[in-house]
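Notes to accompany the following structure.
Every value quoted in this text rests on a predicted model; they were computed, and no experiment measured them. As a basis for the values below, the full set of heavy atoms in this structure was taken, side chains included, without hydrogen atoms, waters or symmetry mates.
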Amino acid sequence: MSEYTAPIADMEFVLRHISDLERVAQLNGFQHAEPDTAVGVLAEAGRFFSEVIAPTNWIGDQVGSVLNDDGSVTTPEGFKEAYRKFVDAGWPGVHLPEMAGGGGFPYAVGIALQEMFTSANMAFSLAPLLTQGAIDALIEHGSEEQQAEYLEKLATGEWTGTMCLTEPHAGSDLGTISTKAVQQDDGTYRITGQKIYITWGEHDLTENIIHLVLAKTPDAAPGTRGISMFIVPKFIPDADGNPGERNDVKVVSIEHKMGINASPTCVLAFGDEGGAVGYLVGEEQRGMKYMFTMMNSARIGVAVEGLAIGEMAYQKAARYASERIQSKPLGGDAPAAIINHPDVRRMLLTMRANNEAMRAALYDTAARIDIENHGEDEEARTRAGERVALMIPILKTWCTDLGVEMASLGVQVHGGMGYVEETGAAQFLRDARIAPIYEGTNGIQALDLVTRKVPLRDGQVVKEYLAEMSGIATALRAIDGFARSADELEGAIESLTEASTHVGSKMASGEYADAVAGATPLTRMWGTVVGGAFLARAALASQTLIEEGADDDMLGVKQSIARFYCEQILPTANGLLGSVLAPADPLFELPNEALVV
């Protein structure tokens, strides 16, 4: 039911020819991760996730995790065994720093592993994803004692981590949280309050769970300025670092959701019996800053979910289309597999092209994160960090929206059978739908793009990327048969330039409503155009390899996919320009009561 084949060849192509893994492997600390070694790791991982994790996907969806009367949570059959194999094989820490107990591989390799896990079972993959955020926060902001206490157990997967941010009355507006933290004589804090939507907040996979909790001290400043961050373990580690006394944290309920049913989404109560023991991370009232370390990591991870679900939906749809015999093709004399019908081919190519565009953009951004964190040249690190900052809201929005759309196309390819749960196609659509909501809704990402990222370095970060993409379009024109693709890419870049300039000028002049009214279509424009530029780079890399004498059918496939994207998908970016340029007035013309039936 949940067959999955890791697209190792596609991953390798992107890592070698888009992300420039050879360059990344020369960064300080990554010398052991040269491309051949990395590809070998991916091949072994592909077998693991296909054979061990993917078979848990169907039962996880059908059964889900269950809250027991004693407050414990039981995961579906096979999850504990699969997770133990995952940990024993060392997969959780492959791309984590050696100082944290990880394997020290680049994030550019780690993101490919993350894609595999998420494709195999998105609900299952969320436990390591949230743990990654906790690890990042402790590496960046934790004390040496906290790092020694928690990092290795988190990095190896022996323990898992959570992010406890949201409260019933405080969703995106974290400044209104009411969870309290009161300091004790021994330097610890007592945490009281309730958090909701805590992914993998309770489970039976590991012996301990480390919650990173946002709370306010009694004398905290109002709003987000007063937020602090605390480590609140499920079991307080004893003197030997093993789980000791049970902390005052309990599960109130787990949510009944549209999808990702195997992932226990918990309501957690802290301190019902006097206060949960918490340990301050960093300084008081710096928690919002620390949170963004977790959040940015999670936003990239959630963007990967869009790609991963899109890939899984595509694989299932392509297999079905190649086997399902239905109707004669135009001009044919006998019924044929539906993969021969133009509309089905259009849907499959749309899925394949968007998936490849997302993969290239995500892996390239991961490589830039490696450069930002490990590069020796300060200028290169700064420029890499700027590009990452620009790309995070684009990727999170574009990829997660596409994940839903590609999963929906997968259902459509199946026809009526796609709407029947037993085929498995519907699960991808249900699972994918949470990703545009996770870690800051896509509307918030669009707001971030317009208000914070477009103005970076007085708009120069955007201008430099637009110029870079224009150079790619010019180079693309030199490939025989790509003139129209180059025209479309150039036209889309011109539209994106006009849109970005408009929004930048509106922000600079204080016309904020007009600027943010077009934020969502602008973000989609950016994703669509960036995708075209990356697939153009794939076509150019393929052409170079062909001219060098490489004999690989995949190179022709890459060029065909790029041509399809540029000529069939990229033109949609131009259609969004009007929405970006339109003033905000129509959004507020109707009074609120006229919108409510």
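A centroid separation of 6.0 Å or more is found between the aromatic rings of F105 and H95. Taking the six-membered ring for Trp and the full ring otherwise, F124 and F117 have centroids separated by under 6.0 Å.
Shown here are the side-chain hydrogen bond (donor to acceptor under 3.5 Å, both in side chains) partners of W200, two or more places apart in sequence or in another chain: S263. E378 pairs by the side-chain hydrogen bond (donor to acceptor under 3.5 Å, both in side chains) definition with nothing, not counting sequence neighbours. In this view, S178 and E167 satisfy the side-chain hydrogen bond (donor to acceptor under 3.5 Å, both in side chains) rule, not counting sequence neighbours.
The shortest distance between side-chain heavy atoms of V462 and L390 falls below 4.5 Å.
Surrounding CD of E386 are more than 12 heavy atoms belonging to other residues, nucleotides or ligands, all under 6.0 Å away. Few gaps surround NZ on K234; more than 12 heavy atoms of other groups in view lie less than 6.0 Å from it.
E305 contributes no side-chain N or O that, together with a main-chain N or O of G403, makes up a donor-acceptor pair within less than 3.5 Å.
Side-chain atoms of N442 and K396 form a donor-acceptor pair, as typed in the model, at a separation below 3.5 Å. With 3.5 Å as the limit, one finds no donor-acceptor pair spanning the side chains of D136 and T293.
Here the closest heavy-atom approach between residue P264 and residue H203 is recorded as CG-CB, 4.5 Å.
Using cut-offs of 30° and 60° for the angle between ring planes, the F48 and W91 rings count as tilted.
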Review point. Taking it one step at a time, do M122 and I309 satisfy side-chain contact (heavy atoms from CB on, under 4.5 Å)?
Key: CA-CA 8 Å; M122 177 175 162; I309 289 292; 3.8 Å; yes

